Amino acid sequence: MSSSLVSLLVVGLAAMANAQRDLTVDLGVAGNFAILAAAGVSSVPDCSVTGDIGVSPAALSYITGFSTSFGSSTAVAQSPYVNGAIYAADMSNPTPAYLTAAVSNMETAYVQANGFVNPDEIELNDGDLSGLTLAPGLYKWSSNVILPTDLVFNGTAEDTWVLQVAGTVRMASDTKITLTSGANATNIVWAVADAVTFGDRSHFEGIVLAATGVTLQTEASMFGRILAQTEVALQKATVVAPFDPEPEVVTKRSVVRWL
Ligand SMILES: *[C@@H]1O[C@H](CO)[C@@H](O)[C@H](O)[C@H]1NC(C)=O
Ligand SMILES: *[C@@H]1O[C@H](CO)[C@@H](O)[C@H](O)[C@H]1NC(C)=O
């Protein structure tokens with residue numbers, strides 16, 4: 001066999017290995033939430049959230065702009081802006097334990113996502129993702145990442161992406177993320193060490209694991225989940241979580257549903 005044929009074969013095998021690489025991140029019960037934040041969630045009305053919101057160790061008073069109220073149970077609140085339940089650490093049992101587990105799972109998920117090694121791309125375009133189409137795989141930047149134009153994730157429903165960013169992530173106004181060839185937003189995980197900002201009217205798709213805070217500026221929208229270790233700020237924004245037909249539970253009684 002010629003050496004060029006051998007190297008072709010090696011390259012081919014490496015490409016196959018990449019395509020089959022499983023970068024699934026286990027969100028645990030944090031994956032039950034549209035928005036989970038340690039320190040608070042603020043809204044400049046009107047915001048719209050489809051899915052549950054949780055804050056812990058913060059109290060319900062750190063969920064602002066949602067006009068929250070209690071119904072028959074003080075273990076869960078509701079909001080006219082939220083199609084889902086609202087949980088905070090100072091609510092009745094079993095909510096505090098449920099949230100403690102969720103926040104712990106969120107932190108573990110961030111560590112797991114950041115722990116994948118051997119990136120397929122390191123410092124791609126120095127963090128400027130203008131006009132790119134990202135194939136499945138592991139991407140790593142030690143810098144800030146900017147999305148000045150639309151970004152495409154291209155891969156099948158089974159493919160996985162992890163984007164490790166040591167700096168900030170900023171999406172410019174009026175840009176969008178699109179998924180092609182069946183790519184699933186739940187399989188695209190961003191692990192971001194510094195602030196995440198989605199500009200006015202931008203549209204994001206994927207899971208954000210943020211070591212600090214996430215801001216959706218005026219009329220930004222996203223399909224996915226925001227799991228933030230400080231605060232989430234929404235400005236007339238829309239967040240839609242993927243529907244999970246079988247949410248994970250900590251104990252039988254731990255998931256309290258608004259009825
Ligand atoms: C998208 O991915 C498919 C395989 O899933 C590949 O055949 C196709 O070439 C990719 N398209 C682009 C624009 O990268
Ligand atoms: C995306 O993945 C989730 C989790 O595995 C699954 O429940 C959902 O059906 C998938 N969506 C599509 C459109 O394949």
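Computed over heavy atoms, backbone and side chain alike; hydrogens, waters and symmetry mates excluded. Keep in mind the model is a prediction, meaning the values are calculated, not measured. Just so you know, ligand 1 is whichever comes first in the structure, and atom 1 is the first atom listed for that ligand.
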Purely on distance, is any nitrogen or oxygen of Thr186 under 3.5 Å from one on ligand 2?
-> yes
Can you list the atoms of ligand 2 that are under 4.0 Å from a heavy atom of Asn184?
-> 1 (C), 2 (O), 3 (C), 8 (C), 10 (C), 11 (N), 12 (C), 14 (O)
Is there at least one protein heavy-atom neighbour under 4.0 Å from atom 7 (O) of ligand 1?
-> no
Close N or O approach (Asn154, ligand 1; < 3.5 Å) | yes
Side-chain contact test, heavy atoms from C-beta onward, threshold under 4.5 Å: evaluate it for Thr156 versus Ser181 and give yes or no.
-> no
May I ask you to decide if Thr212's main-chain N or O and Gln229's side chain share a donor-acceptor pair within less than 3.5 Å?
-> no
For Ser56 and Ala58, indicate whether the former's side chain and the latter's backbone hold a donor-acceptor pair under 3.5 Å.
-> no
Could you check Val192, Asp126, Leu129 and say which one makes a side chain to side chain contact (heavy atoms under 4.5 Å, CB included) with Trp141?
-> Leu129
Measuring to protein heavy atoms, does anything land under 4.0 Å from atom 4 (C) of ligand 1?
-> no
Would you call Arg21 and Asp120 a salt bridge, taking side-chain N to carboxylate O under 4.0 Å as the test?
-> yes
Ser181 heavy atoms, cut-off 4.0 Å: which ligand 1 atoms fall inside?
-> 1 (C), 2 (O)
